[in-house]
Amino acid sequence: MIPFAFASHWTLSVLFQSLFQHRYAAHRMFTMTPRAERALHLSTALVQGSSYLDPRAYAILHREHHAYADTDRDPHSPVHHKHLPRMMLETGRRYGGLLTGSVQAEARFIGGYPEWPAVDRFFSSWTSRLGFGAIYTLFYKHFATRRWHWALLPVHFVMGPLHGAIVNWCGHRYGYRNFATRDESRNTLPLDVVCMGELFQNNHHARPASPDFAARRFELDPTWQVMRLLARLKLIQLRKVPREEVPRPMEGRRSLPLKTSRRPEAAVSPPCP
């Protein structure tokens with residue numbers, strides 16, 4: 001029971017983070033009705049629970065990451081941090097500053113993200129985080145049947161930030177590169193099995209407007225498949241914008257053709273109001 005519950009929570013949490021905070025809030029790769037947006041917003045908060053990430057702060061932080069990828073102004077680059085905990089700490093500080101307003105972002109990074117003040121304030125509060133933590137603990141107390149099960153409990157508390165840390169650390173240190181980008185982004189294919197397409201970082205940085213993070217025939221982006229299903233159900237509408245120029249693959253990889261499709265591309269982020 002506990003391993004299944006952990007795997008389910010992990011998968012749903014990273015899926016909603018990829019779908020809502022990343023591809024919708026930060027990049028607006030699709031649109032939807034106000035009612036559908038509220039439903040997705042609330043669903044994300046309930047699924048992420050104690051590790052809920054405010055979409056405004058997340059979107060700004062992520063746009064800064066794209067603008068300054070792997071430079072000294074990147075809010076979370078492993079290139080400028082000796083170890084993962086240090087990168088997580090610095091990222092947490094900037095995110096907290098954006099959340100409280102003590103840190104001001106550049107005007108070009110502001111706007112175009114979903115805001116629901118009542119929900120965002122509540123689920124970002126310590127009352128909510130402690131409440132979810134208590135629920136997780138009671139669930140483990142009732143269903144844990146092995147001592148090692150309890151080692152999984154702390155992960156539930158910080159699942160959202162942990163997902164981001166894995167993606168940004170591994171996705172800029174380990175793996176292969178399809179495209180010659182100006183940053184150190186990598187595709188960490190083995191780990192992407194548990195990250196719903198987010199670890200195709202090199203593909204994403206090379207083609208930030210593409211809603212499909214996979215680029216090669218052997219790559220599969222699970223979140224993109226979910227987006228396709230939601231679009232077919234008419235719950236979301238993929239944004240139709242002029243197709244961006246596809247960068248050339250790195251030399252030595254010409255035998256591995258890029259995926260092609262007639263799907264629409266999407267803008268990196270909406271224009272600032």
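Side-chain atoms of V14 and V194, non-hydrogen and from C-beta on, never get closer than 4.5 Å to each other. In this structure, C170 and L199 have side chains that are in contact, with non-hydrogen atoms separated by less than 4.5 Å. Looking at W148 and P3, their side chains come closer than 4.5 Å, going by heavy atoms from C-beta outward. Under the 4.5 Å side-chain criterion, counting only non-hydrogen atoms from C-beta, L191 is not in contact with Y174. When side chains are defined from C-beta on, N178 does not count as touching F200, because their heavy atoms never get closer than 4.5 Å. Side chains of M88 and T91 form no contact here, defined as non-hydrogen atoms less than 4.5 Å apart. For the pair P114 and R28, the minimum side-chain heavy-atom distance is below 4.5 Å. The side-chain heavy atoms of Q225 and L220, taken from C-beta on, include a pair separated by under 4.5 Å.
Considering only residues two or more places apart in sequence or on other chains, R121 meets the salt bridge (Lys or Arg N to Asp or Glu O under 4.0 Å) condition with none of them. With sequence neighbours left out, R73 forms a salt bridge (Lys or Arg N to Asp or Glu O under 4.0 Å) with E106.
Scanning all heavy atoms of the two residues, the minimum distance from N203 to A215 falls at ND2-N, 3.4 Å. A pairwise comparison of heavy atoms in A67 and R108 identifies CB-NH2, 4.0 Å as the closest pair. The two atoms that bring A36 and L235 nearest to each other are CB-O, 4.1 Å, heavy atoms only. Shown here for P55 and Q21, the closest heavy-atom pair between the two residues is CA-CG, 4.3 Å. Heavy-atom minimum distance, C195 versus I166: SG-CG2, 4.2 Å. Taking every heavy atom of both residues into account, H27 and P208 meet most closely at ND1-O, 3.8 Å.
Remark: the Q17 side chain and the E198 side chain contain no N/O donor-acceptor pair separated by less than 3.5 Å. With no hydrogens or angles considered, a side-chain donor-acceptor pair links Y52 and D120 at under 3.5 Å.
Exactly one of T223, L46, L40 qualifies for a side-chain contact (heavy atoms from CB on, under 4.5 Å) with F16. That residue is L40.
Between Y24 and F20, the angle of the ring planes stays under 30°, which puts this pair in the parallel group of the 30/60° scheme. Relative orientation of the H205 and H172 rings is perpendicular, given thresholds of 30° and 60° on the angle between their planes. Under the 30°/60° scheme for interplanar angles, the aromatic rings of H204 and H22 are found to stand perpendicular. The aromatic rings of F109 and Y68 stand perpendicular to each other, their planes meeting at an angle above 60°, with 30° marking the opposite boundary.
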Residue pair F6, M159: steps toward the side-chain contact (heavy atoms from CB on, under 4.5 Å) verdict: CA-CA 10 Å; F6 178 85; M159 204 167 272; 4.1 Å; yes

Evaluate the criterion side-chain contact (heavy atoms from CB on, under 4.5 Å) for residue pair M32 and L230; output intermediate values, then yes/no. CA-CA 10 Å; M32 53 186 156; L230 294 176; over 6 Å; no

One pair to check against side-chain contact (heavy atoms from CB on, under 4.5 Å): Q201 and T188. What are the steps and the verdict? CA-CA 8 Å; Q201 281 289 292; T188 318; over 6 Å; no

side-chain contact (heavy atoms from CB on, under 4.5 Å), that's the test. Do L19 and M196 meet it? Break it down for me. CA-CA 10 Å; L19 182 66; M196 301 299 288; over 6 Å; no

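A distance of 4.5 Å separates CZ of F122 from OG of S128, quoted to the nearest 0.5 Å. To the nearest 0.5 angstrom, D183 atom CG is 7.5 Å from N202 atom CG. If you take CG on N168 and NE2 on H163, they are separated by 13.0 Å, rounding to the nearest 0.5 Å. Between atom NE2 of residue H9 and atom OG1 of residue T11 there is a gap of 10.5 Å, rounded to the nearest 0.5 Å. One finds the CG atom of D221 at 6.5 Å from the OG atom of S18 (value rounded to the nearest 0.5 Å). To the nearest 0.5 Å, atom CD of residue Q237 and atom OG1 of residue T31 are 4.5 Å apart.
In this structure, E90 does not pair ionically with R94, as no charged nitrogen and carboxylate oxygen lie closer than 4.0 Å.
Judged by distance alone, with hydrogens and angles left aside, the side-chain atoms of R129 form no donor-acceptor pair with the main-chain N or O of F157 at under 3.5 Å. Between the side chain of D212 and the backbone N or O of A214 there is at least one donor-acceptor pair closer than 3.5 Å. A donor-acceptor distance shorter than 3.5 angstrom exists from the side chain of D70 to the backbone of E184, with no hydrogens or angles considered. Side-chain atoms of S8 come within 3.5 Å of backbone N or O of F4 as a donor-acceptor pair. Using modelled atom types, no side-chain atom of H62 and backbone atom of Y58 make a donor-acceptor pair closer than 3.5 Å. With hydrogens and angles ignored, the 3.5 Å screen pairs a side-chain donor or acceptor of S51 with a backbone N or O of Q48.
For the pair R177 and F179, the cation does not sit on the ring face, since its NZ or CZ is not both under 6.0 Å from the ring centre and inside 45° of the axis. Cation-pi contact between R23 and F213: present, with separation from the ring centre below 6.0 Å and deviation from the ring axis of at most 45°.
When hydrophobic clusters are built by joining Ile, Leu, Val, Met, Phe, Trp and Tyr residues whose side-chain heavy atoms come closer than 4.5 Å, directly or via intermediates, V158 is grouped together with W150. Both L233 and F30 are members of a single hydrophobic cluster when ILVMFWY side chains are connected at heavy-atom separations under 4.5 Å. Hydrophobic clustering (side-chain heavy atoms under 4.5 Å, transitive across Ile, Leu, Val, Met, Phe, Trp, Tyr) keeps V167 apart from W169. One hydrophobic cluster, built from ILVMFWY side chains closer than 4.5 Å, cannot hold both L99 and W126; they sit in different ones.
Around the CZ atom of R182, the shell of radius 6.0 Å holds more than 12 heavy atoms that belong to other residues, nucleotides or ligands.
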Side-chain polar contacts of residues 131-143 - donor-acceptor pairs under 3.5 angstrom, sequence neighbours left out - could you list them?
residue: Y136; atom: OH; partner: S50; partner atom: N; Å: 3.4
residue: T137; atom: OG1; partner: G133; partner atom: O; Å: 2.8
residue: Y140; atom: OH; partner: H156; partner atom: NE2; Å: 2.7

